[in-house]
Amino acid sequence: MGTVVDDAASLEFHAFFERHYAELSRLAHLLTGESDAADDLAADALLALWHRWDRVRAADHPAAYARGVVANLARTRIRSAVRERRRIALFWSQREEKVENPDVAGLVDVQEALRRLPFRKRACVVLRHAFDLSEKDTALALGVSVGTVKSQTSKGMAELQRLLGPQNAPLKVHAAMARTGDAGGRDR
């Protein structure tokens, strides 16, 4: 039988979960490029938050803390995938995959370009442009300085412009990431 404090914490966490799950799942999808893994990463992040809920709920910005957990889990997943691909490459020759219709949607181009960015640049671009977070909120989510967010976002956008073509690259990025769904429950 739970205590009043436990019940209050449980209700508070449930409300936090309802408010932020979709946003965290979308963040995971944009960071990893894997829609199948996004829900799992968001769920894993929320489970980790639940285990530290007393600390999280006392934080100044619990949603930023949650975004940071998702970013760290996504980074770990990406690193594991890279290691796995390297191991597979030792045994199999890699074949170049051909896309039949490269003009199908700008979304495919943007997602591929995002995958080419190093993790921190990708995270800064996604949080700033897809989630419309301020530089300060992005810095809180990633555990870096505002200056780092500014430089990584600038460098990431420059790299995307190089990959996507100079004309309207920021608009393509913003529009393509907006198509992946509503951020839901933004916390500013």
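This structure is a prediction, so every number in the text was calculated from the model and none was measured. By convention here, the first residue in the shown sequence is residue 1.
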Indicate yes or no: at least one non-hydrogen side-chain atom of R128 is less than 4.5 angstrom from one of M157. no
SB check E23 R26 (cutoff 4.0 Å): no
Which pairs, with at least one residue in residues 152-161 and sequence neighbours excluded, count as a salt bridge (Lys or Arg N to Asp or Glu O under 4.0 Å)? E159-R162
Heavy-atom closest pair (A63 atom, F16 atom, distance to 0.1 Å) is N-CE1, 4.0 Å
Donor-acceptor pair, distance only, cut-off 3.5 Å: does the side chain of S80 make one with the backbone of T76? yes
In Å and rounded to the nearest 0.5 Å, what is the CD1 to CG distance from I78 to L31? 6.5 Å
Determine the interplanar angle of the F17 and H14 rings, folded into 0 to 90°, and report it as parallel if under 30°, tilted if 30 to 60°, perpendicular if over 60°. parallel
Examine distances only and state if a side-chain atom of S151 and a backbone atom of T148 form a donor-acceptor pair shorter than 3.5 Å. yes
What's the spacing between L41 CG and H29 NE2 if we round to 0.5 Å? 11.5 Å
Any chain of hydrophobic side-chain contacts (each under 4.5 Å) joining V56 to L140? no
Nearest heavy-atom approach of V146 to A139 is N-CB, 3.9 Å
Closest approach of A48 to V69 (non-hydrogen atoms, all atoms of both residues): CB-CG1, 4.5 Å
Give the C-alpha distance, both sets of side-chain angles, the deciding distance and a yes or no for side chain to side chain donor-acceptor pair (under 3.5 Å) between Y65 and R52. CA-CA 11 Å; Y65 188 92; R52 293 177 245 143; 3.2 Å; yes
Find out whether D137 and F131 are in side-chain contact, i.e. whether some heavy atom of one side chain is under 4.5 Å from a heavy atom of the other. no
CD of E135 to CD of Q152: how many Å apart, nearest 0.5 Å? 13.0 Å
Could you see if L163 belongs to whatever hydrophobic cluster contains L114? Use Ile, Leu, Val, Met, Phe, Trp, Tyr and a side-chain cutoff under 4.5 Å. no
Side chains of E12 and W53, heavy atoms from C-beta outward: is any pair under 4.5 Å? yes
Considering only heavy atoms from C-beta outward, does the side chain of H20 approach that of L46 to under 4.5 Å? no
Tell me if the CZ atom of R115 is crowded by more than 12 foreign heavy atoms within 6.0 Å. yes
Out of curiosity, L24 CG to L49 CG, how far, rounded to the nearest 0.5 Å? 7.5 Å
Where is the tightest heavy-atom contact between A59 and P62, given as atom of each residue plus distance? O-CD, 3.6 Å
Atom CG in L133, atom CG in L127: separation rounded to 0.5 Å? 5.5 Å
Which atom names give the shortest non-hydrogen contact between H129 and T153, and what distance separates them? NE2-CG2, 4.2 Å
Which pairs count as side-chain hydrogen bond (donor to acceptor under 3.5 Å, both in side chains) when at least one residue sits in residues 37-50, sequence neighbours excluded? Y21-D39, S25-D39
